[in-house]
Amino acid sequence: MSVEIRVPDALWQSVLDLFEQHDPSVERVAYLDGFRVDETGYPGTSPDDRVYIVVTVVVPDAVLRPRNYLVPAEAVSAAGRHLRTGRMTRVAQVHSHGDDFVDHSPTDDERAYSQRAGAVSVVVPFHGRTRPGLAECGVHVRAEAGWRRVRPESVIRVIPSVLDLRSTKWVPKPEAAPSGGIFSRFRAWTRTGWTRLVRPRSS
């Protein structure tokens, strides 16, 4: 069985934006929710493969500390309330460390969102301040024997949020400056009146 998680690039930037909205000294945590993709019949796929597309970032009401975090039971419940109504699934967890250490600590192992085989946990370095890509993060997968770190590209696939293939783009022309005030209108009136006075009359 293999696990692949497809993350739109704009959604990952949203995770980093949300991580910026915290006390700079504490760890952060978020969940990635989405849907499982049925790829039955596609070449090179197996019925046991699990492919997910992430569509929503959830930030739980967690207790955040400099070296760890805790998501209380009531906060876990609130953060998962939408899953059943939206027929969604929790795809992965993301949390941060304050330095470049992106392995799982024993506390990370214990407090991960899930202990089921195939669960995925992403550790972001420097609390996301350097705005790292997913390839620069620690990616961990829960196996039967425990959590193990894997190469990010073996599990995570970043996909574009927008594909703009237009060869040309319409650029609006700047609007003409509005005509002047009463003085400008007076000048226009005098020019019109003078033209009428000097215009020769036809015989």
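All figures in this text were calculated on a predicted structure; none of them were measured in a lab.
Using modelled atom types and a 3.5 Å distance limit, the side chains of Asp17 and Ser14 yield no donor-acceptor pair.
Enclosure of atom CZ in Arg129 by more than 12 non-hydrogen atoms of other residues, nucleotides or ligands within 6.0 angstrom is indicated. With a 6.0 Å radius and a threshold of 12 heavy atoms from other residues, nucleotides or ligands, Arg116 has its CZ atom above the threshold. Open room surrounds CG on Asp61; 12 or fewer heavy atoms of other groups in view lie less than 6.0 Å from it.
The aromatic rings of His104 and His140 sit parallel to each other, their planes meeting at less than 30°, with 60° as the upper class boundary. Classification of the His95-His97 ring pair by plane angle, with boundaries at 30° and 60°, yields perpendicular.
The backbone N or O of Val124 lies less than 3.5 Å from no partner atom in the side chain of Glu136, so there is not a single donor-acceptor pair. Remark: the backbone N or O of Pro132 is paired with a side-chain donor or acceptor of Trp12 at under 3.5 angstrom. Between the Arg149 side chain and the Gly138 main chain, no donor and acceptor come within less than 3.5 Å of each other.
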Atom pairs and distances, side-chain donor-acceptor, residues 78-87, under 3.5 Å, sequence neighbours left out:
unit_1	atom_1	unit_2	atom_2	d
His82	ND1	Ala79	O	3.4
His82	NE2	Asp33	OD2	2.7
Thr85	OG1	His82	O	3.1

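Salt bridge status for Arg6 with Glu39: present, with a side-chain N to carboxylate O gap under 4.0 Å.
Closest heavy-atom contact between His22 and Val59: NE2-CG1, 4.4 Å. When all heavy atoms are compared, the tightest approach of Gly34 to Val91 is N-CG2, 3.6 Å.
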Go through the steps to decide whether Arg28 and Gln21 satisfy the test side chain to side chain donor-acceptor pair (under 3.5 Å), and finish with yes or no.
-> CA-CA 10 Å; Arg28 292 91 152 127; Gln21 301 169 15; over 6 Å; no
